[in-house]
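Chain letters run A, B, ... following the sequence lines, proteins first and then strands; every chain starts at 1. Source: prediction; values computed, not measured.
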Protein chains: 2
Amino acid sequence: MPVEPLAHVPAGPDAVARRLSGYAPLNPDDEALLRQITARPALVPARTELARDGEAAPRPQVLVEGWACRQRFLADGRRQIIVVLLPGDLIGIGERRRPLPYGSVTTLTPAQVSEAGCLRERAASSGTSPEGETGLAAALRQAREMEELWLVNQVVRLGRQTAYERVAHFLLELRERLAAVDRVQDNRFTFPITQEVLADALGLSVVHMNRTMQQLRRDGLIEQRATAITLRDVPALRSVADYGGGQGA
Amino acid sequence: MPVEPLAHVPAGPDAVARRLSGYAPLNPDDEALLRQITARPALVPARTELARDGEAAPRPQVLVEGWACRQRFLADGRRQIIVVLLPGDLIGIGERRRPLPYGSVTTLTPAQVSEAGCLRERAASSGTSPEGETGLAAALRQAREMEELWLVNQVVRLGRQTAYERVAHFLLELRERLAAVDRVQDNRFTFPITQEVLADALGLSVVHMNRTMQQLRRDGLIEQRATAITLRDVPALRSVADYGGGQGA
DNA sequence: CGTACAGTTGAAGTAAATCAACAGGAGTGG
DNA sequence: CCACTCCTGTTGATTTACTTCAACTGTACG
């Protein structure tokens with residue numbers, strides 16, 4: 001696999017700090033730590049395994065740029081993508097005490113990744129005031145809760161939604177998550193994954209994935225050009241997907 | 001809905017303490033706290049809502065006896081069961097800072113439930129030694145990690161397995177979880193849920209669920225009598241379901 | 001005795017998978 | 001430069017897994 005150019009990765013402000021500060025106010029020390037962590041990320045090509053399935057202790061890392069995923073393979077080669085990881089997302093922050101088959105983490109595009117062991121330490125040492133956590137610790141907790149929400153969403157999509165609904169729902173979730181790191185403009189964002197990846201994320205065959213995307217385009221709900229996608233009718237997508245959106249019921 | 005007798009609920013030793021002590025050694029204080037919490041559980045009938053979807057702060061609770069589930073409904077009434085909760089499982093322990101649509105928690109059978117707010121407090125106050133957590137804090141963390149694993153398993157089942165495989169996989173997971181609270185003997189355990197619930201958990205229609213169970217019985221993999229089920233051929237089930245089992249890859 | 005519910009069965013319909021082939025672009029090597 | 005392969009997207013034809021609809025059973029229960 002050749003290392004593709006990072007054309008779709010804008011050199012914007014740090015996604016990690018943006019994400020976490022959106023969850024809880026960070027103090028200057030926390031922000032400095034984040035800047036330090038993400039200052040010199042490792043550049044890795046697509047299809048790089050960042051964490052192996054069932055491994056004792058996946059190193060804590062942050063995805064500074066690019067897309068990745070957690071995935072699990074069945075014995076006969078079937079693949080299920082558990083969750084797609086976007087810029088600003090954390091990997092292996094909730095420490096593993098025992099090796100468990102959570103799936104492997106693999107880049108979907110060329111990416112920038114930083115080690116983040118010190119994040120956990122900082123969060124543990126500071127921020128545990130008597131009533132509730134503050135600063136970095138609170139933000140990390142919120143980040144973990146969001147991860148759980150994405151898993152729940154994924155379960156509902158796969159269990160009870162049609163292909164058409166699944167894609168709509170998934171796109172709305174991506175839009176919301178990317179907006180949190182300032183990567184959405186006019187409901188338009190880069191969409192650097194193939195239909196095969198999308199199919200493995202949404203539990204569909206590639207062929208059916210293709211036809212479903214076409215249907216969404218024909219219905220005027222989305223528009224795709226090169227590696228960018230535009231959600232042309234968010235209300236309609238919400239209605240189709242039964243997507244509540246954001247916080248709250 | 002009438003309150004059914006608790007025939008399938010043996011008055012065995014406390015499931016909560018059994019679960020948690022399996023994850024990390026608890027000190028006598030922790031055990032005393034657990035005994036105190038579970039000493040006078042509330043008796044609730046089936047179909048009782050223990051936590052509402054998107055609610056600000058679901059009260060921390062422990063399921064002492066009986067089965068429950070986390071579920072989410074779509075606007076048109078379709079239901080997806082996110083995860084089935086068994087004796088010893090925790091509800092709302094990972095505190096929610098914001099209301100999020102994680103799904104509601106509802107009993108599937110008559111159940112015994114205890115408030116457990118003090119669990120979180122105890123875990124926070126004790127057990128955070130410099131390197132790694134200990135005692136109750138460690139056990140609670142491990143419990144949360146297991147919950148995440150169940151969600152990942154659910155995603156893989158729903159996304160990439162056939163009905164037959166899904167049921168096999170789900171039954172093996174139930175067996176493992178119930179064994180952790182000593183409710184399995186000779187691969188036999190109580191199975192107090194209807195095929196409709198099972199269908200909503202595994203993303204199938206009731207009719208297809210029924211036929212799939214019949215097939216498993218005909219193939220000699222399981223045996224059902226009244227509200228008990230026996231896994232007659234665990235190796236075959238493992239092979240069908242691609243179920244690694246327990247820890248490790 | 002009548003109702004409600006869980007399980008079961010058959011027949012028909014449908015969403016999605018599978019199989020197979022082809023087109024366009026991108027990189028590669030001669 | 002061309003011929004080559006690889007990859008992604010696309011299309012058509014066929015099959016299959018699963019859903020839907022409807023009816024019927026046994027059982028528990030008031």
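Here A/R19 pairs with A/D89 under the salt bridge (Lys or Arg N to Asp or Glu O under 4.0 Å) rule; sequence neighbours left out. Residues passing the side chain to side chain contact (heavy atoms under 4.5 Å, CB included) test with A/A236 are A/L221, A/D233, sequence neighbours excluded. Under the salt bridge (Lys or Arg N to Asp or Glu O under 4.0 Å) criterion, B/R70 pairs with A/E148, not counting sequence neighbours. Checked against side chain to side chain contact (heavy atoms under 4.5 Å, CB included), A/R217 has the following partners two or more places apart in sequence or in another chain: A/Q195, A/M213, A/Q214, A/I222, A/Q224. By the salt bridge (Lys or Arg N to Asp or Glu O under 4.0 Å) test, B/R79 pairs with B/D200, sequence neighbours left out. Shown here are the side chain to side chain contact (heavy atoms under 4.5 Å, CB included) partners of A/T230, two or more places apart in sequence or in another chain: A/R188, A/E223, A/R232. A/D76 is linked by a salt bridge (Lys or Arg N to Asp or Glu O under 4.0 Å) to A/R78, counting only residues two or more places apart in sequence or in another chain. Under the side chain to side chain donor-acceptor pair (under 3.5 Å) criterion, A/T107 pairs with no residue, sequence neighbours left out. Annotation: side chain to side chain contact (heavy atoms under 4.5 Å, CB included) contacts of B/S239 (sequence neighbours excluded): none.
Summary for the helix from C/dC1-D/dG30 to C/dA26-D/dT5: the axes at its two ends, each from 5 pairs, differ by 30° when rounded to the nearest 10 degrees.
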Protein-proximity profile, nucleotides 11-24 of chain D, B/S/- by nucleotide at the 4.0 Å heavy-atom cutoff, equals BBB----BBBB---
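Not one side-chain nitrogen or oxygen of B/Q195 sits closer than 4.0 Å to the OP1 or OP2 atom of C/dC5. Between B/Q224 and C/dG7 there is no side-chain polar atom (N or O) within less than 4.0 angstrom of OP1 or OP2.
Checking each of A/Q80, A/R72, A/Q154 against B/V152 for a side-chain contact (heavy atoms from CB on, under 4.5 Å) leaves exactly one that passes, namely A/R72.
For residues 74-85 of chain B, proximity to DNA chain C is found at no residue, defined as any non-hydrogen atom under 4.0 angstrom from a strand atom.
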